Amino acid sequence: MVDVLLEIASDPNLEVQIDRDGIKAFIQDLIAGGTESSAMTVEWAMSEILKKPEVFAKATEELDHVVGRNRWVTEEDILSLPYVDAIVKETMRLHPVAPMLAPRLSRKDVSVDGYDIPVGTRVLVCVWSIARDPVLWDSPEEFMPERFLGSKIDVKGQDFELLPFGSGRRMCPGYNLGLKVIQVSLANLLHGFAWRLPDGMATEELNMEEIFGLSTPRKFPVEAVVDPKLAAHLYTEA
Ligand code: HEM
């Protein structure tokens, strides 16, 4: 990636020039935007699943059926794993990485749903609340991946009740990569290991507090016990 950017930077005919500082910022953007967001989403997904062992059982059934126990999940499998996809969407509904997206500035006076927004207003869209609005969602506080089975609602910026990647021209440019990373890592965590809470810990005891800010990580890291589920040689091969 750095090589490609340096090559572009050396092109004198570029309409918008990019210098070395620009390249540094670009790389920083990719690392900052592309690592914590996916890791945080996977951690929330595992937390919700640990609270609802029946979701783990259903995911295991799907993975056993589609992938089988003799190999890991690949990117190509994802299209055949609708339940895993539903878990990812439901996790992003309840735990959007950026609960208020990136701030916008109105470029002209507008009226939205009866609210007058003057030019130059800083506007924050709280997708966290929209995704938990009881007018839009049944049992909004409940983790129910099934709600997305057979539903057309997607996370790609077109369905305004679910905008974990934002929407419009400032929507997350990495959404496709981010989604794939989350789907494949989560599918493999569920496929490769049996997950349970530490001995003596009831599902209600798992703390689900979040730190509400620019992003919404768990307040306390999740702790779990895992046992391998697949053939032993799969854990030693690179
Ligand atoms: C779970 C994965 C991810 C989530 C949930 C996520 C979420 C978001 C959100 C909500 C925004 C603001 C969009 C808006 O205000 O409309 C954003 C912007 C951005 N994201 Fe992501 N992102 C993810 C993965 C990635 C990846 C993998 C990359 C790059 C490799 C990336 C790079 C960026 C960049 C550069 C911006 C700023 C875009 C701009 O301001 O024009 N993100 N992301």
Side-chain angles (χ1 to χ4, degrees), residues 1-6 8-9 15-16 18-49 73 75 78 81 84-107 110 112 117 120-133 136 143 145 148 153-190 210-218 221-222:
M1 174 62 89
V2 178
D3 282 350
V4 173
L5 287 170
L6 285 170
I8 295 173
E15 199 182 326
V16 179
I18 179 168
D19 58 11
R20 292 182 79 88
D21 281 348
I23 293 176
K24 200 169 129 192
F26 196 102
I27 296 293
Q28 239 170 9
D29 247 12
L30 292 187
I31 293 171
T35 49
E36 209 197 332
S37 49
S38 316
M40 204 188 291
T41 306
V42 172
E43 193 182 7
W44 275 119
M46 288 316 309
S47 314
E48 293 287 0
I49 293 168
V73 185
E75 205 181 305
I78 295 301
L81 296 169
V84 170
D85 182 59
I87 294 176
V88 172
K89 284 181 181 152
E90 181 67 338
T91 304
M92 298 188 112
R93 181 183 71 81
L94 284 175
H95 307 286
V97 164
M100 291 195 280
L101 303 181
R104 263 72 174 174
L105 199 73
S106 62
R107 293 162 66 192
V110 281
V112 179
I117 303 169
T121 306
R122 174 171 290 188
V123 180
L124 291 164
V125 178
C126 189
V127 293
W128 189 95
S129 315
I130 296 172
R132 289 173 185 242
D133 186 341
L136 302 169
F143 185 76
F148 287 107
I153 298 178
D154 209 341
V155 290
K156 298 182 179 171
Q158 300 301 311
D159 301 302
F160 291 171
E161 58 274 70
L162 187 65
L163 295 172
F165 292 105
S167 186
R169 66 165 67 175
R170 299 304 294 269
M171 180 183 167
C172 175
Y175 78 89
N176 228 339
L177 174 65
L179 258 184
K180 286 202 174 110
V181 169
I182 294 168
Q183 288 165 333
V184 177
S185 349
L186 182 67
N188 273 309
L189 287 175
L190 297 173
E210 62 192 11
I211 299 171
F212 197 89
L214 217 56
S215 66
T216 49
R218 284 181 57 82
V222 67

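Along the sequence shown, residues carry numbers from 1. On a predicted model such as this, the values are computed, not experimentally measured, just so you know. Both ligands and their constituent atoms are indexed starting at 1 by order of listing. Hydrogens, waters and symmetry mates are skipped; everything else that's a heavy atom, side chains included, is used.
Atom 11 (C) of ligand 1 has Cys172 CB, 4.0 Å as its closest protein atom, hydrogens excluded (heavy atom only). Among all non-hydrogen protein atoms, the one lying nearest atom 1 (C) of ligand 1 is Ile182 CD1, 3.1 Å. The protein heavy atom nearest to atom 27 (C) of ligand 1 is Gly34 CA, 3.5 Å. Of all protein heavy atoms, the one lying nearest to atom 30 (C) of ligand 1 is Leu30 CD2, 3.7 Å.
For the residue pair Thr91 and Thr41, the shortest heavy atom distance occurs at CG2-O, 3.5 Å. Contact record, Met1 with Leu30: CE-CD1, 3.7 Å, taken as the closest heavy-atom pair. Summarising the geometry of Val155 relative to Met92, their closest heavy-atom pair is CG1-SD, 4.4 Å, with the distance given to 0.1 Å. For Ala86 against Pro145, the heavy-atom pair with the smallest separation is CB-O, 3.3 Å.
The shortest N or O to N or O distance between Gly33 and ligand 1 is under 3.5 Å. Residue-to-ligand polar distances place Ala102 within reach of ligand 1: an N/O pair is separated by less than 3.5 Å.
A donor-acceptor contact shorter than 3.5 Å is absent between the side chain of Arg132 and the backbone of Ile130. Between the side chain of Trp128 and the backbone N or O of Thr216 there is no donor-acceptor pair closer than 3.5 Å. Side chain of Ser215 to backbone of Ala98: no donor-acceptor contact under 3.5 angstrom is found.
Contacts with ligand 1 closer than 4.0 Å are made by no heavy atom of Pro96, backbone or side chain. If you look at Val127 next to ligand 1, there are no close heavy atoms at all, none under 4.0 Å. Of all the heavy atoms of Arg170, the ones lying under 4.0 Å from any atom of ligand 1 are found in both the backbone and the side chain.
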Criterion side-chain contact (heavy atoms from CB on, under 4.5 Å) on Met46 and Glu43, from CA distance to verdict:
CA-CA 5 Å; Met46 288 316 309; Glu43 193 182 7; 5.8 Å; no

Derivation and outcome, side-chain contact (heavy atoms from CB on, under 4.5 Å), residues Asp85 and Leu81:
CA-CA 6 Å; Asp85 182 59; Leu81 296 169; over 6 Å; no

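Close approach of ligand 1 to Val97 (heavy-atom distance below 4.0 Å) involves ligand atoms 5 (C). For ligand 1, the atoms closer than 4.0 angstrom to any heavy atom of Asp29 are 35 (C). Heavy-atom contacts of Ser167 reach the following atoms of ligand 1: 16 (O) (cutoff under 4.0 Å). Within the listing of ligand 1, atoms 2 (C), 3 (C), 4 (C), 5 (C), 6 (C), 7 (C), 10 (C), 13 (C), 23 (C) sit less than 4.0 angstrom from a heavy atom of Phe165. For ligand 1, the atoms sitting less than 4.0 Å from at least one non-hydrogen atom of Pro164 are 5 (C), 7 (C), 10 (C), numbered in the order shown with element in parentheses.
Heavy-atom proximity to atom 33 (C) of ligand 1, evaluated over Ser37, Ala98, Ala32, Pro173, is greatest for Pro173.
The shortest heavy-atom distance from Arg104 to ligand 1 is under 4.0 Å.
Remark: Glu36 CD is loosely packed, at most 12 non-hydrogen atoms of other residues, nucleotides or ligands lying under 6.0 Å away.
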